[in-house]
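All remarks here apply to the structure that follows.
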Amino acid sequence: MRTKVPIIPIIILVLLLGGMLYASTYTLKTIEITGCEMSSEAEVREYIEGKALMDNTLLLYLNNKFGDSENIPFVSKMDIEFVSKHKVKVEVYEKSVAGCIEYMECYVFFDKDGIVMETDKERREGVPYIKGLSVKSWELGQKLPIDNKKKFDMILNITQLLEKYELEIQGIRFTADGEIVLTHDNIEIELGDGSNIAVQLMNLGSILEAEGLEGKTGTLYMKDYSQDNPIASFKVK
């Protein structure tokens with residue numbers, strides 16, 4: 001008596017082998033990364049390669065679709081575009097760095113909420129350097145433990161306004177009297193005690209432009225600048 005060969009399992013096996021063979025042709029060869037300014041392109045590439053198990057583009061797609069995101073310093077999220085079997089484009093969206101303080105010969109970077117993002121031996125261009133704040137310790141991913149809460153809240157308010165009005169400020173410091181001084185290139189901007197900070201920063205960009213102060217060295221006095229008294233003066237150094 002002739003034994004019948006089960007057809008369905010064979011068909012399933014053939015389909016599986018065919019699928020595996022087809023999937024093996026999706027070999028990741030090129031990763032094109034854009035958007036890295038503060039973040040490390042090398043770390044992003046390593047992260048993508050880690051999600052592409054066996055250098056397989058399909059596994060990268062599945063891992064990206066259903067896997068957990070890894071925390072990469074300064075990276076908020078990444079969009080991955082699958083261009084072909086062998087190439088992906090990665091668009092990096094970075095977290096907004098509000099400022100940095102110096103701690104034991106390192107720079108501690110924090111976001112607009114005061115959460116520590118990263119530390120580095122070098123300052124990063126475009127990030128305001130804060131003078132007049134000190135900490136005894138800090139923890140990555142936690143809010144900076146600043147003793148003077150009022151002063152720190154003012155710093156966070158300033159950094160949020162700088163981002164809102166797209167102002168390029170390299171430094172923020174407090175004088176011995178607790179007054180605020182910003183640094184814009186070679187110009188020091190005196191803002192007083194901060195009681196009118198929102199109005200002052202809302203108009204700072206237009207003042208710098210209208211007065212033709214770009215490239216000059218000196219002090220811009222805005223201590224008494226307010227909605228009722230919109231007057232600023234500049235003294236060349």
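One is the number of the first residue; the rest follow in order along the sequence. Hydrogens, waters and symmetry mates are skipped; everything else that's a heavy atom, side chains included, is used. The model shown is predicted, which means the values in this text are computed figures rather than measured ones.
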Supply the atom-to-atom distance [X] [atom1] to [Y] [atom2], rounded to the nearest 0.5 angstrom.
| X | Y | atom1 | atom2 | value |
| --- | --- | --- | --- | --- |
| T34 | E81 | OG1 | CD | 9.5 Å |
| N196 | Q227 | CG | CD | 9.0 Å |
| I207 | M202 | CD1 | CE | 10.0 Å |
| L144 | I155 | CG | CD1 | 11.0 Å |
| M78 | I33 | CE | CD1 | 8.5 Å |
| C36 | E94 | SG | CD | 6.0 Å |

Going by atom types only, do S96 and E163 share a side-chain donor-acceptor pair under 3.5 Å? yes

Have T183 and Q170 got a donor and an acceptor in their side chains that come within less than 3.5 Å? no

Determine whether Y221 and L182 fall in the same hydrophobic cluster, where Ile, Leu, Val, Met, Phe, Trp and Tyr are linked whenever their side-chain heavy atoms lie under 4.5 Å apart. no

Apply side-chain contact (heavy atoms from CB on, under 4.5 Å) to Q142 and list each qualifying residue two or more places apart in sequence or on a separate chain. E139

Can you sort out the partners of E118 under side-chain contact (heavy atoms from CB on, under 4.5 Å), two or more places apart, ordered by chain and number? P73, F74

Under 4.0 Å between a side-chain nitrogen and a carboxylate oxygen: does that hold for R45 and E41? yes

Is the closest basic N to carboxylate O distance between R173 and E188 below 4.0 Å? yes

Show your working on side-chain contact (heavy atoms from CB on, under 4.5 Å) between L167 and L201 and close with a plain yes or no. CA-CA 8 Å; L167 297 170; L201 295 186; 4.2 Å; yes

Can you name the nearest heavy-atom pair linking [X] to [Y], along with the distance?
| X | Y | value |
| --- | --- | --- |
| H184 | I189 | CB-CD1, 3.9 Å |
| V199 | S226 | CG1-C, 4.0 Å |
| S39 | V75 | CB-CG2, 3.6 Å |
| P128 | L162 | CG-CD1, 4.3 Å |
| S137 | P145 | O-CG, 3.1 Å |

Only pairs under 3.5 Å count here: list side-chain donor-acceptor contacts from residues 229-236, not counting sequence neighbours, and write none if there are none.
unit_1	atom_1	unit_2	atom_2	d
N229	ND2	D224	O	3.0

Do other residues, nucleotides or ligands put more than 12 heavy atoms under 6.0 Å from [X] [atom1]?
| X | atom1 | value |
| --- | --- | --- |
| E91 | CD | yes |
| K131 | NZ | no |
| E209 | CD | no |
| E37 | CD | no |
| E168 | CD | no |

Table please: side-chain donor-acceptor pairs of residues 99-116 below 3.5 Å, with sequence neighbours left out.
unit_1	atom_1	unit_2	atom_2	d
E102	OE1	Y129	OH	2.8
Y103	OH	K136	O	3.0
D111	OD1	D113	N	2.9
D111	OD1	G114	N	3.1
D111	OD1	I115	N	2.9

Whether the side chain of D193 engages the backbone of S195 through a donor-acceptor N/O pair (distance < 3.5 Å, no angle test) should be reported. yes

For L191, is there any backbone N or O sitting under 3.5 Å from a side-chain donor or acceptor partner on Q200? yes

Please report the C-alpha distance between Y165 and L204 in whole Å, then the side-chain angles of each, then the deciding distance to 0.1 Å, and finally whether the side-chain contact (heavy atoms from CB on, under 4.5 Å) criterion is met. CA-CA 9 Å; Y165 298 118; L204 177 57; over 6 Å; no

D185 meets the salt bridge (Lys or Arg N to Asp or Glu O under 4.0 Å) criterion, sequence neighbours left out, with none

For D153, which residues count as a salt bridge (Lys or Arg N to Asp or Glu O under 4.0 Å) partner, sequence neighbours excluded? K149

Steps toward side-chain contact (heavy atoms from CB on, under 4.5 Å) verdict (K87, K29): CA-CA 6 Å; K87 179 179 179 179; K29 295 180 180 179; over 6 Å; no

In sequence, state the C-alpha distance, the side-chain angles, and the governing distance for E214 and L208, and then conclude on side-chain contact (heavy atoms from CB on, under 4.5 Å). CA-CA 7 Å; E214 293 296 338; L208 291 171; 4.2 Å; yes

